[in-house]
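Side chains included, hydrogens not; waters and symmetry mates left out as well; all remaining heavy atoms used. Computed from a predicted model, the values in this text were never measured in an experiment. Sequential numbering from 1 along the given sequence is applied to the chain's residues.
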Amino acid sequence: MDEEINSITKKNDTWEPDTLPQGYKPIGVKWMYKEKKNAKGEVERYKARLVVKGYSQREDIDYDEVFALVARLETVRLIISLAAQNRWKIHQMDVKSAFLNGFLEEEVYIEEPLGYEVKGHEGKVLKLKKALYGLKQASRAWNTRIDKHFQDKDFTKCLYEH
């Protein structure tokens with residue numbers, strides 16, 4: 001849990017303590033726990049992820065748009081097949097805490113995680129600067145950010161598979 005909070009606060013500057021504006025309702029958060037196992041099925045480590053209770057979000061208040069583009073499986077297969085035929089190198093990329101890299105356009109406030117209340121800010125909420133897992137608009141925020149990065153690097157979108 002400490003590792004997750006450190007990633008959210010120190011590495012990614014995801015939120016800031018704030019006073020809840022009138023008309024807003026803070027969204028709750030919860031901890032999700034998972035066992036990471038090795039190839040033999042033995043527990044290698046335990047992982048905790050802080051997740052927003054996105055099911056309580058209200059459209060036009062907490063979010064506007066949720067759609068994010070997803071590659072079709074047929075397209076992925078085609079690209080792998082072309083790479084194999086032409087002996088191209090394929091690189092896979094995994095972005096650790098990908099959603100923490102998506103900037104939010106909306107004002108979203110969450111409750112402080114249990115056990116990690118900010119000293120001197122009792123009774124305050126946390127204003128999100130970046131997306132957290134569970135938010136309805138999290139995947140769109142991440143997609144917008146990575147899409148902009150690729151466009152800045154002169155990549156061109158395919159007209160048939162965005």
Side-chain angles (χ1 to χ4, degrees), residues 1-16 27-111 113 116 126-162:
M1 290 166 67
D2 290 340
E3 188 178 307
E4 175 78 351
I5 289 292
N6 185 42
S7 175
I8 290 170
T9 58
K10 292 184 177 71
K11 291 181 185 173
N12 290 295
D13 191 30
T14 305
W15 62 49
E16 61 189 11
I27 303 168
V29 294
K30 64 182 176 180
W31 287 101
M32 301 292 292
Y33 303 100
K34 187 175 184 179
E35 292 179 338
K36 291 289 194 173
K37 297 180 180 180
N38 61 19
K40 296 178 186 175
E42 302 164 339
V43 176
E44 208 166 71
R45 63 184 284 240
Y46 297 97
K47 186 170 173 93
R49 172 162 283 148
L50 185 66
V51 178
V52 175
K53 296 178 182 178
Y55 55 81
S56 66
Q57 285 186 275
R58 299 165 293 170
E59 190 173 3
D60 295 327
I61 295 172
D62 299 312
Y63 67 93
D64 296 318
E65 191 73 41
V66 296
F67 176 75
L69 299 169
V70 177
R72 292 191 344 238
L73 186 57
E74 296 86 4
T75 304
V76 174
R77 285 182 176 157
L78 174 66
I79 291 171
I80 292 172
S81 145
L82 286 170
Q85 290 173 10
N86 293 295
R87 298 182 182 205
W88 296 337
K89 288 184 179 180
I90 296 177
H91 297 276
Q92 178 199 337
M93 180 178 94
D94 183 24
V95 179
K96 190 173 181 181
S97 304
F99 284 179
L100 297 179
N101 291 291
F103 292 105
L104 293 176
E105 296 173 9
E106 307 86 0
E107 281 190 38
V108 179
Y109 298 88
I110 62 169
E111 296 172 351
Y116 291 92
L126 301 172
K127 180 180 179 182
L128 291 180
K129 299 178 195 178
K130 296 181 180 177
L132 283 178
Y133 288 93
L135 281 177
K136 291 193 182 278
Q137 67 269 44
S139 57
R140 180 172 180 80
W142 163 240
N143 181 270
T144 301
R145 175 110 190 249
I146 193 137
D147 187 60
K148 183 181 179 330
H149 172 77
F150 285 135
Q151 287 180 14
D152 290 347
K153 301 288 183 203
D154 294 327
F155 280 78
T156 306
K157 280 188 179 184
C158 173
L159 297 176
Y160 305 103
E161 175 72 272
H162 297 283

If you look at every heavy atom in Gly134 and Val51, which pair is closest and at what distance?
CA-CG1, 3.9 Å
Met1 versus Tyr33: any side-chain heavy-atom pair under 4.5 Å?
yes
Point-to-point distance, once rounded to the nearest 0.5 Å, from CD1 of Ile110 to CG of Leu132
5.5 Å
dist Trp31:CH2 -> Arg49:CZ (nearest 0.5 Å) comes out at 10.5 Å
Other residues, nucleotides, ligands: >12 heavy atoms within 6.0 Å of Tyr46 OH:
no
Salt bridge flag under 4.0 Å for residues Glu74 and Arg72
yes
Can you tell me how far the CG atom of Leu100 sits from the CD atom of Glu4, to the nearest 0.5 Å?
7.0 Å
Might you confirm whether atom CD of Glu105 has over 12 heavy atoms from other residues, nucleotides or ligands at distances under 6.0 Å?
no
Would you please test His149 and Asn101 for side-chain contact (heavy atoms from CB on, under 4.5 Å) and show each step?
CA-CA 12 Å; His149 172 77; Asn101 291 291; over 6 Å; no
With a 4.5 Å cut-off on side-chain heavy atoms, are Thr75 and Ile79 touching?
yes
Where the side chain of Thr144 meets the backbone of Arg140, is there a donor-acceptor pair that is under 3.5 Å apart?
yes
For Lys129, does the NZ atom sit with more than 12 other heavy atoms under 6.0 Å from it, leaving out its own atoms?
yes
Between atom OG1 of Thr14 and atom CD1 of Ile5, what is the distance when rounded to the nearest 0.5 Å?
9.5 Å
Nearest-0.5 Å distance that lies between atom CG in Leu104 and atom NZ in Lys130
10.0 Å
Pairwise side-chain contact, Ser7 with Glu3, heavy-atom cut-off 4.5 Å (strictly under)
no
Keeping the roles fixed (side chain from Asp147, backbone from Asn143), state whether a donor-acceptor pair exists under 3.5 Å.
no
Where Lys53 and Ile27 come nearest, the two heavy atoms and their spacing
O-CG2, 3.4 Å
Any side-chain heavy-atom pair of Tyr116 and Thr9 under 4.5 Å
no
Which distance, rounded to the nearest 0.5 Å, do you find between the CH2 of Trp88 and the CG of Leu82?
5.0 Å
Please tell me if the side chains of Leu135 and Leu128 come closer than 4.5 Å, counting only heavy atoms from C-beta onward.
yes
